[in-house]
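This report refers to the structure that appears directly beneath it.
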Number of protein chains: 2
Amino acid sequence: MSFTYKYARPAVTVDCAVFAIDFEKENLKVLLIRRGEEPFLNHWALPGGFVHTDESLIEAAHRELQEETGLTSIYLEQLYTYGNVDRDPRERVISVAWFALVNLEGRLLEARTDAVDAAWFSLDELPSLAFDHGRILSEATERLRGKLKYKPVGFELLPELFTLSQLQRLYEIILDTSFDKRNFRKKLQKLDVLIETDEIQKDVSHRAARLYRFDRDKYRDLESRGFYFEL
Amino acid sequence: MSFTYKYARPAVTVDCAVFAIDFEKENLKVLLIRRGEEPFLNHWALPGGFVHTDESLIEAAHRELQEETGLTSIYLEQLYTYGNVDRDPRERVISVAWFALVNLEGRLLEARTDAVDAAWFSLDELPSLAFDHGRILSEATERLRGKLKYKPVGFELLPELFTLSQLQRLYEIILDTSFDKRNFRKKLQKLDVLIETDEIQKDVSHRAARLYRFDRDKYRDLESRGFYFEL
DNA sequence: CCCCTTGGTGTATAATGTACACTTATATAA
DNA sequence: TTATATAAGTGTACATTATACACCAAGGGG
C-alpha cells in the first residue's frame, strides 16, 4: 500500500528531550536512545519517531516514549518545531520537539526496554547527537531553566511527596545557584501551593524532614485569578 | 507530476497571527484574510499556506505573508504547532503557527493586495474564524501579553523613532492596564536600552515630545550577560 | 495673549528581598 | 547510654525596590 499526493510532502516526526534529576550525583540528566539504523547508526539521539495519521502530535510523543523507553503518563510540553530543509540527510523531515519531565524515584537505570538501548546522560557529559538533536537539547535545557522560575514545573521532577530540602536542591541543581534556606522557605510559604502532610522522611540517618505535596488544584485556581508563581 | 510515499503523510502549513497597534483607536489589531475557496469559503482566516519542500518553516511564513498581505521583513516568532487529527475537514493538516509584529506607521489599511481580501480587525470585534484559527489567535494574543512583560518585543510595534508616551500607551493598550508616567519612565531609564535622539515630534498641537530609539545591539549585549528585561 | 493639551520631572513611604546563626531531632558508632 | 554527626527547622535587621502622588513647561490654535 502507498500514498500519492500532488505536491511533495515532508515527513513529520516528534522528538522528546526527557529530563530527570539525579539526586545522588546532584545533576540533571537526559534520556537518550542509541540509533539502530542509518543514518547516524549507533549515534545517540532523542527518543522520537514518525507521527501517525490517526494520532495528534502529543499522542505521537507519548506513544514514542512508551515504545522506546517504557515511560508512561509523564509531563510533556511542546518546545519548538524544527524544519530546516537539510536537517535530515535523507529527505525533508519536520520535527515537533517536546520536553518531558519525569521523577525517577530510585529507578535510575530501569528505563530501557529490550527493543532499544536507552540511557540517562548527565548534561555535562553528552555524546555527540544525531541530526540537529544537540541543538534541540540545548534549547530544551534553556527552556527548562527559564520555565522553572515562573511556572511550577519543578514538581514534575520530584516524587509525589518530597521534602523542602529536596525541592531546594532541585532548583539549585538546575539553575546552578544556591539559595538561602530560610529565604527559600519563606517564599514557598507565601506562594501557598504546598500541602504539609503529616508524614516524615524514612530511612535517613539524621533528623527526618517533613514531607510536602504540591497542590495542583490550588495552583490552577490561583493562576486563573492572575496569580503569578515566581521563585 | 505526483509524489508517492509508503506511509500516509500529513500536509504541513504555516499560519501567522499578525499584530499591530492602532494608536488612533487605542486598540490592538490583527490581520486576517478572507478565504477564496472551500472549506470555510468567505470565512476570515489567519494568513498562511503550505510549506514548500525547498524552504524552511520561517521562510514559508515570510513568503506567505508577502504573497497574501504584502508585508515584508517583519518580526516573526514561532508560536506553537497544531496537529489535532480533525482540525481540517479535508485531510490531516499540521500547522506551524507564528506570531508577527508590525508597525503600521499610518498605512493602516494599505495592507491588501489585488489577490486576496485582507483587513485589520480589532481583537474585540473578531469574526468567527476558519479551522481552529480562533484558538490559535487567542493563544497568540496570550503569548504576546506574556512576552511583552519580559522581552522587548513591544518596540516591534512602534516606528523606528517613538516617544515615551507612545511606548507607554502601547503597553497600556496590550496589557489593558495603566501605568504611572513617572514610574514608567524611571523603569525605562534603569533598563538603559533606549537611545535619546535629538529629534522631536512634528505636527502636534502641543509641546513636542522627544523621540527615542530602541538600542537592539545594547539589549542583545546586556541579555547575553544575564540581564533580565522586565517592565 | 490666553487657553488647551501633552511633555517632563522628584520625593516620601510601603513592600519586598537579602543576609545571617543557632537549636532540634534522629541514627549510628563508641 | 552517651557522644557524635548530619540535616531540619526557625526570625530579625537592613538594603533595595516599588508605589503613590502634583506641578510647571512648551507649543499650537483660537
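Chain identifiers are assigned alphabetically (A, B, ...) following the order of the sequence lines, protein sequences preceding nucleic acid strands; residue numbering begins at 1 within each chain.
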Just the rounded figure in Å: distance from [atom2] of [N] to [atom1] of [X].
| X | N | atom1 | atom2 | answer |
| --- | --- | --- | --- | --- |
| A/Arg210 | D/dT10 | CZ | P | 9 Å |
| A/Gln189 | D/dG11 | CD | P | 9 Å |
| B/Glu196 | C/dG8 | CD | C1' | 11 Å |
| B/Lys187 | C/dT9 | NZ | C1' | 18 Å |
| B/Tyr228 | C/dG17 | OH | P | 14 Å |
| B/Leu231 | D/dT17 | CG | C1' | 14 Å |
| B/Phe184 | D/dT19 | CZ | C1' | 16 Å |
| B/Phe179 | D/dA18 | CZ | P | 13 Å |

Contact summary for A/Ile74 and A/Ala100, nearest pair of heavy atoms: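 Answer, listing the atom of A/Ile74 first, then A/Ala100: CD1-CB, 3.8 Å.
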How close do B/Leu28 and B/Ala20 get, counting heavy atoms only, and between which atoms?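 Heavy-atom minimum between the residues: CD1-O, 3.5 Å.
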Taking 4.0 angstrom as the limit, do B/Asp198 and B/Arg210 come out as a salt bridge?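 The answer is no: the pair does not qualify as a salt bridge.
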Return a single string for nucleotides 21-30 of chain D, one symbol per nucleotide in 5' to 3' order, where B is base contact, S is sugar-phosphate-only contact and - is none, cutoff 4.0 angstrom on heavy atoms. BB--BBBSS-
Counting the atoms with a prime plus P, OP1 and OP2 as sugar-phosphate, which does B/Lys190 contact under 4.0 Å by heavy atoms, base, sugar-phosphate, or nothing?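 Sugar-phosphate contact only - B/Lys190 comes under 4.0 Å of backbone atoms but never of a base.
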May I have the step-by-step check of salt bridge (charged side-chain N to carboxylate O under 4.0 Å, His left out) for A/Glu156 and A/Arg216, ending in yes or no? CA-CA 11 Å; A/Glu156 308 297 336; A/Arg216 283 193 168 65; 2.9 Å; yes
Between the side chains of [X] and [Y], does any donor sit under 3.5 Å from an acceptor?
| X | Y | result |
| --- | --- | --- |
| B/Ser56 | A/Asn84 | no |
| B/Gln78 | A/Tyr82 | no |
| A/Lys29 | A/Asn27 | yes |

For A/Ser165 and D/dA7, is the shortest distance between a side-chain N/O and OP1 or OP2 below 4.0 Å?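 It does not, given that no N or O in the side chain of A/Ser165 lies less than 4.0 Å from OP1 or OP2 of D/dA7.
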Just to confirm, is there a sub-4.0 Å distance from OP1 or OP2 of C/dG8 to any side-chain nitrogen or oxygen of B/Arg185?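 So the side chain of B/Arg185 is within the cut-off, an N or O lying under 4.0 Å from OP1 or OP2 of C/dG8.
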